[in-house]
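Okay, structure first, notes after.
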Amino acid sequence: MLVAATTTPATPSADPSATPTPTPTPASGPTGVPSVNVDETVKVVAKTTNDLVAIGWQAGVGALIGILIAVVAVAILGFMGRRGRRRLLYREIVDFGRRPAYAVGAMTGAFLGTRVALTGLRQTKDDSTTMVIIERGVTIALIFAVTWLVVAFAKAIESTVVKGVQASENQGRANRVTTQSQIIRRVAEAVIIIAGLVAAIMTFPSVQLAMGSLLASAGLASVIAGMAARSMLGNVFAGLQLATTDAIRVDDIVVVDDEQGTIEEITLTYVVMRTWDERRLILPSTHFTENPFANWTRGGSQSTGTFTLDLDWRVPVAAMRAELARLVAASTVWDGRQASLEVSDAVGDHVTVRVVLTGANPGDVGALKSYVREELVTWLQREAPYALPRTRVEVDQVEVTQDLSPEEVARTAQEIVAKQKAEADAAARTPADAGAEDVGTTEAEGESAAHGLGARRAVTLGRAMGRSLLHRARRGGLGPR
């Protein structure tokens with residue numbers, strides 16, 4: 001046990017030469033540390049420990065009470081979800097908000113318990129840095145828990161709206177509301193999270209003082225941030241535009257850059273499209289606002305599909321049309337709107353038969369097309385094999401002779417002219433009862449006429465007869481050997 005030495009102040013004497021009595025110093029321990037400092041440190045540590053235990057005990061009791069209250073509230077909502085009119089909303093709140101509700105209950109109880117403990121400690125004028133850190137930490141945790149619970153409420157409301165509209169028969173309206181609900185919920189989540197972060201930061205006094213200058217420079221900062229993040233902001237505004245204009249919706253079937261798929265998810269910055277082979281294409285939102293694309297289900301989910309068959313000219317169209325009517329009547333995916341079979345083209349060695357089918361959605365139309373195509377091919381093979389497409393080839397063996405030369409053509413023409421001249425002379429000498437003078441005159445006239453005919457028609461007649469002989473020669477070489 002350490003005993004502090006005490007001295008009685010000396011009475012001043014009349015002797016001025018007397019030296020004053022020195023004041024004794026505190027006794028030192030074995031290590032040379034003053035014993036008074038050790039006592040103060042021990043007392044501070046003991047008091048801090050007692051305070052922390054008291055705060056922890058009261059905070060723990062408050063957290064347990066808060067969790068019990070949250071459990072009771074969740075149970076009441078679950079019971080109302082089974083019995084009440086708005087049971088769907090209550091069920092969704094319970095599903096999405098169970099864990100956030102427990103966290104909010106625990107942190108609320110801990111916050112209240114901590115406040116009560118700190119209030120009692122502050123009455124003793126004991127406000128250490130440790131107590132301030134504890135108070136601020138509990139407050140920030142409570143803010144984060146409340147933010148989590150509000151986000152869960154937003155998800156529950158979105159899920160309630162989506163499930164309610166999907167229960168209706170209007171699939172187009174259901175897709176539209178689903179898309180808009182997703183976008184609004186994501187925007188609300190972003191705003192709630194940002195508000196929670198700002199509220200947590202505002203718990204620091206130094207930050208509160210800096211908020212004035214921060215708000216003053218917000219204009220310049222927003223311009224700089226907008227220029228730096230214009231791509232991201234462009235996608236954000238494009239996502240909002242897609243949601244508000246109803247250009248695309250969840251479950252819409254679209255064709256983008258020769259890729260066909262179904263819209264699976266629409267976010268603020270990108271769109272997820274699922275293709276027929278189960279691939280996922282991640283496209284920025286600006287792709288749908290800056291480039292053209294095809295939306296097959298924009299006006300409704302009903303769809304029309306066609307396919308063609310190239311068949312022989314002998315195809316029985318009427319019997320084939322009756323078989324199509326039988327097939328679609330037996331199908332479960334045909335919506336009954338249209339099923340037609342027509343000859344769309346007849347050129348060359350085949351005729352083209354086009355089949356038009358309709359269904360409730362593009363998936364049903366695709367399945368119906370495959371089914372009808374297979375059954376029609378089977379029917380053609382079984383009932384009308386002569387109508388299957390075929391190629392006809394006719395083979396002719398032709399013997400080609402050598403063409404006449406120009407010299408032979410000219411010689412043949414001369415022979416023809418001479419022959420015609422002789423025939424004209426013989427015709428002139430035919431009458432026997434004509435006199436010698438008349439005969440001579442006739443011969444002279446016939447010879448003159450023959451010579452005149454040869455002079456006028458020598459060239460043209462020779463060419464014509466040459467072509468005739470050439471044609472006869474060629475015809476003589478045709479036919480099978």
Side-chain angles (χ1 to χ4, degrees), residues 166 168-176 246-264 273-279 281 288 291-392:
Q166 287 181 350
S168 62
E169 297 180 356
N170 192 343
Q171 189 63 31
R173 180 175 177 271
N175 294 337
R176 181 173 63 256
D246 197 27
I248 56 174
R249 299 162 297 187
V250 176
D251 292 335
D252 275 355
I253 297 178
V254 298
V255 179
V256 181
D257 296 337
D258 297 332
E259 288 283 353
Q260 177 184 343
T262 304
I263 299 298
E264 189 174 56
M273 185 176 75
R274 184 182 71 251
T275 61
W276 64 272
D277 53 355
E278 298 301 327
R279 289 181 293 118
L281 296 182
F288 290 89
N291 300 289
F293 62 93
N295 191 340
W296 287 6
T297 55
R298 176 65 177 81
S301 60
Q302 294 178 342
S303 180
T304 302
T306 63
F307 67 90
T308 60
L309 296 174
D310 293 337
L311 303 174
D312 193 74
W313 285 73
R314 296 175 294 177
V315 57
V317 178
M320 194 172 181
R321 187 176 291 117
E323 179 65 16
L324 173 64
R326 187 189 67 82
L327 293 175
V328 296
S331 176
T332 58
V333 295
W334 183 52
D335 62 353
R337 289 189 297 124
Q338 184 179 3
S340 62
L341 186 147
E342 299 173 350
V343 177
S344 61
D345 201 356
V347 178
D349 57 350
H350 66 273
V351 296
T352 301
V353 176
R354 183 180 64 182
V355 179
V356 181
L357 302 170
T358 59
N361 54 68
D364 291 348
V365 172
L368 183 61
K369 285 168 56 179
S370 300
Y371 165 73
V372 171
R373 186 186 294 110
E374 293 175 1
E375 292 298 326
L376 286 180
V377 169
T378 304
W379 181 82
L380 288 171
Q381 293 174 348
R382 183 182 66 252
E383 301 294 337
Y386 54 86
L388 297 175
R390 63 187 63 194
T391 301
R392 296 178 175 84

request  = Provide the closest heavy-atom pair for Ala387 versus Val315 in the form atom of the first, atom of the second, distance.
outcome  = CB-CA, 3.5 Å
query = Which salt bridge (Lys or Arg N to Asp or Glu O under 4.0 Å) pairs, counting each pair once, include a residue from residues 370-388, with sequence neighbours left out?
reply = none
Name every donor-acceptor pair, under 3.5 Å, that has one atom in a side chain of residues 342-360 and the other anywhere in the protein, sequence neighbours excluded.
residue, atom, partner, partner atom, Å
Ser344, OG, Thr352, O, 3.4
Thr352, OG1, Asp310, OD1, 3.1
Thr358, OG1, Asp335, OD1, 2.6
Thr358, OG1, Gln338, N, 3.1
Thr358, OG1, Gln338, O, 3.2

inquiry  = My understanding is that only residues two or more places apart in sequence, or in another chain, count here; which of them pass ring pair (Phe, Tyr, Trp, His ring centres under 6.0 Å) with Phe293?
reply    = Phe288
Any residue meeting side-chain hydrogen bond (donor to acceptor under 3.5 Å, both in side chains) with Glu259, in chain and number order, not counting sequence neighbours = Arg279
ask   = Could you go step by step and tell me if Gln260 and Thr275 meet the side chain to side chain contact (heavy atoms under 4.5 Å, CB included) rule?
value = CA-CA 6 Å; Gln260 177 184 343; Thr275 61; over 6 Å; no
message = Within a 6.0 Å radius of atom CG on Asp258, are there more than 12 heavy atoms belonging to other residues, nucleotides or ligands?
response = no
query = Taking the side chain from Ser370 and the backbone from Gly366, do they hold a donor-acceptor pair closer than 3.5 Å?
reply = yes
Contacts of Ala294 that satisfy side chain to side chain contact (heavy atoms under 4.5 Å, CB included) - sequence neighbours left out = Val255, Trp296
With Arg314 via side chain to side chain contact (heavy atoms under 4.5 Å, CB included) - residues at least two apart = Asp312, Tyr386, Arg390, Arg392
query = Who passes side-chain hydrogen bond (donor to acceptor under 3.5 Å, both in side chains) against Arg326, sequence neighbours left out?
reply = Glu323
request  = List in chain and number order the residues that pass side chain to side chain contact (heavy atoms under 4.5 Å, CB included) with Ala319, two or more places apart in sequence or in another chain; answer none if no residue qualifies.
outcome  = Pro316, Trp379
note = Output for pair (Ile248 CD1, Asn295 CG), nearest 0.5 Å, gives 8.0 Å
